[in-house]
Q: 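Sending over a structure as C-alpha cells; questions will come in a sec.
Chain letters run A, B, ... following the sequence lines, proteins first, then strands; residues in each count from 1.
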Amino acid sequence: MSSGNGQQRAGGEEAAPPEQLALMREAVRKAKEPRAKPRTWRGAALARELPVARVLVDKGVLHLDRYFDYAVPEELDAVARPGVRVRVRFGAGGRNVREGRREGGGLIDGFLVERVAESDYSGPLAALAQVVSPEPVLSPELLGLARAVADRYAGSVADVLQLAVPPRHARAEAAEMGPPPAPPSAPDPKSWRRYGRGAEFLGSLASGGSPRAVWTALPGPQWAEEIALAVQATLASGRGALVVVPAGRPAARVDAALRGLIGDGQHALLTADAGQERRYREWLAVRRGAVRAVVGTRAAMFAPVRNLGLVVVWDDGDASHSDDNAPFPHVREVLELRASRDKCAFLLGGWGCTVEAAQLVESGWAAPLVADREQVRAAAPLVRTVGDGDLARDEAARAARLPTLAWEVVREGLRHGPVLVQVPRRGYVPRMACAQCRAPARCRHCAGPLAAQDAGELRCCWCGREETSWHCPECGGFRLRAQVVGARRTAEELGRAFPAVPVRTSGREQVLDTVPSTSALVVSTPGAEPVAEGGYAAALLLDGWAMLSRPDLRAGEDALRRWIGAGALVRPQSAGGTVVVVAEPTLRPVQALVRWDPVGHAVRELAERAELGFPPVSRMAAVSGKAEAVAEFLRGAELPPDAEVLGPVPVPVGEAGRPRRAGGPPPGERWERALVRVRPGSGAALASALKTALAARTARGGSGGSGGSDAVRIRIDPPDIG
DNA sequence: AGCACGCCGACT
DNA sequence: GTCGGCGTGCTC
C-alpha cells in the first residue's frame, strides 16, 4: 500500500532519469520503514532513556484527537515528564524534504502524555521545541476523565482539557506549598438525622465507604452545613472531596459552613470570578495535594482532587451546571463519570428534584435520601394558589392587577418581616398553547412543541410537520394563543400598593445576597433571591402560567424548581410562612408545590418521558448547520440502528427575546437543525458515530467543527429541545 | 484549520 | 520556458 503522497511524487518524476528515480524511490521506502529511530533535523543528541514523547496537541479539531510522537532532546530529558505542558512544531511546514530538513509549521501547545522507547510513526520525528513548565498538570486520571467526557459528548479531548486545566500562571507555580493539614475527626451528623438514612450516609463516608445518593433537602438554610458535614466525614476517612454548586453565592455559603466546621486550610474555593493567578494557585494547591477538598462552580468539576472520596452537586437543575463551551459537558454527568471511574461516593442534592435525578434512583444507581412527610410538613411553608377561576371572579384583581388573596398574604406577611416577590425574567419564547387550558401545543407525531411560523402556519419545532387541525388533547379546546410575558411592571405596581414599605430588587444585573429581617418587599427574578435573615414571612410567585406554558420539555420541572427555590427561603408554616402562587391549581407542578413533593413530580415526569421517548430516558443529539451540510452529514454518518432522525427544521433566527447562545448560526445565515434520538443504552454508540462522522468529514474536505460555511455542529443533550 | 505540494493555463 | 492559480492531503 503506498500513500497518496508517494503516488503523486512518482507521477511527477516520470521524466526523471531512471537511476535518479530509483534513488528517490529508495528514499521514500526508507522513510516508510517502521520503527524509525527518532532523530531531529538538526541531529541533536536525544534522551538516552525513552527518547520518544507522545504528545496531545492542544487543538480542538476532531481528526487531531490522537497522539503525535516527538523526539526528546537530551537537554529536555529531565523536565519532559508525563503530564507537563510542551510546545511543539506542528503543521505541514515541517516536511520540506528538498533543501534538507528545515524548521517549519507553527509552535503550538500540547501535553506530554507519556514517554516511550519507540515510535509507531514511520517518518522522522520532530523534536519537542520546549517544555513550558515542569509542573505535571495532566495526570493519568485527569486524562482518562477528559477522554471519557469527550466520548460522552462527541467532542475532542483537547476541548475538554481546555475546560479542565486552567491557563498557566508562572508566579502562582513558583509558590511553595506545604503538606495538607491533618484530617478532621468524623462529624456528628446533626441535622442529617432529619433524613431517613442521613446519619448512616455520613457514617459510611467517614468509614471509607462510597455510597451514592440523591438527596432531597428540606427547605431552609441548613443544606450548606449538611454538605459541609458530608465533606468533613469524607476528609475524616483520609480521602478528598469535591463540591460543585451553580454560582458564587451558594459556593460562598458552603465555604463559610466548611470554615465553621473544620476551619481554614482544608479546602480550596474555585470560582470563575477569581483572577487567573488566584485560580491557578488554588488549582495547583489541589493538584499538589496541599488541600484535600474543593468547593466551586462548574469548572471545578474537573478539579484534580487527590484520592477522591466524594463528589457533590447541588441543585443540578440549574442551567449554569451546563458548560457553555464545546463539548458542553454537564456537571451532574461529569461527576457521575468521576464517581464511577474513581469508585467514590456521590451526592446529588437540591430542594427540588430533576428528572435525571429521579432516573438515577429508579435505575438503582443511587439511593434516595429523603425526609419523611412529617419533617417536610414541619419545614415547608403553607402554599396557596390563585387560578384563572379566582381571577375571573375577583373584581379587585382586575383593578389592582393583584388577586385579593395575594394582596392579603403580602399585607399580613409584611407585618412580620420581609416578603419575597418572584417575577419571571424577560425573554421567554412565545410559542403556542391551548387558549382554554394553556397546555403547550404538541405535535401529534413526535410530541415536539408547535410554533407559529413566519407565514402563519403551525409547525412542529422538532420534525417540521405542519399541523392543520390542532385540538387540545387535554381539554378538547381548538383555539390557540401565543404566550407573552410582561413582568417587571407588576413589581412597580406592587410598590405603589404598599406605599409605606421599602422595595428592594434583586436581578441579573444586581444580585442582593441577603436582606435583613425587617419588613420590606423584595422583588427578585428566579435564582437571584436574597436570603432573608430568619426567613421570609411570605412569598408571592407571579405569572406562574407564563413559566409553565413555555413549550419546553422542562417547563414544568423548571417552574417547580424555581418556586421551590423561593419557597425554601420562607419560614415554615408553623412560623406563619405562606407562599402564594398565581397559577392553575390543577396543573401538576402547582400541585407538587402545594404538597411540597418535588420527588413525586419528577417521578411522574420521568414515567411520562419514558413513554414518549424523551430525554433523559432516550438520548438526543442535535446536528445543526446549513441545510446541505446537515443533510450530507446525516447521509454519511453510520448511526446506530435504533437511531431516529427528527427533522431537520429551520433554526429560528434571533427568536424574540431569546438570547442567542454561543454556537448558533452566524448572522445572515439560515441554518437547520435535526435531532437524532436513540433508545436508552445507545447513547455511547450515538456519540461515537457522530464523532467518527464529524472527524471523517473534517479530514475530507469540509471545514470541520468551527469556522467554515459547510460546518455542522453536534450537541449531545441539547438544552432547548422545546 | 493552515500550509505545502503539484498540476495546468497565461505571459515575458 | 517560468509564474501563480487553486485543488488535495497531511500534520509526529
Q: What is the distance, rounded to the nearest whole Å, between atom CG of A:Leu128 and atom P of C:dC12?
A: 12 Å
Q: Between atom CD1 in A:Ile108 and atom C1' in B:dG2, what is the gap in whole Å?
A: 11 Å
Q: Name the orientation class of the two ring planes belonging to A:His321 and A:His330 (parallel below 30°, tilted from 30 to 60°, perpendicular beyond 60°).
A: tilted
Q: Under 3.5 Å, is there a donor-acceptor pair between the side chain of A:Arg554 and the main chain of A:Pro719?
A: yes
Q: Rounded to whole Å, please give me the gap between NZ in A:Lys59 and P in C:dT11.
A: 14 Å
Q: For A:Glu114 and C:dC12, give me the distance from atom CD to atom P, rounded to whole Å.
A: 19 Å
Q: More than 12 heavy atoms of other residues, nucleotides or ligands under 6.0 Å from CZ of A:Arg288: yes or no?
A: yes
Q: To the nearest Å, how far apart are A:Phe90 CZ and C:dC10 P?
A: 13 Å
Q: Decide if the gap between the ring center of A:Phe328 and the ring center of A:Tyr153 is smaller than 6.0 angstrom.
A: no
Q: CZ of A:Arg89 versus C1' of B:dG2: gap in Å, rounded?
A: 15 Å
Q: Figure out the CG/C1' separation between A:Leu112 and C:dC12, and round it to whole Å.
A: 13 Å
Q: Whole angstrom is fine here: how far is it from CG in A:Leu107 over to P in C:dC12?
A: 12 Å
Q: So, A:Tyr121 and C:dC12: ring centres less than 5.5 Å apart, planes less than 30° off, yes or no?
A: yes
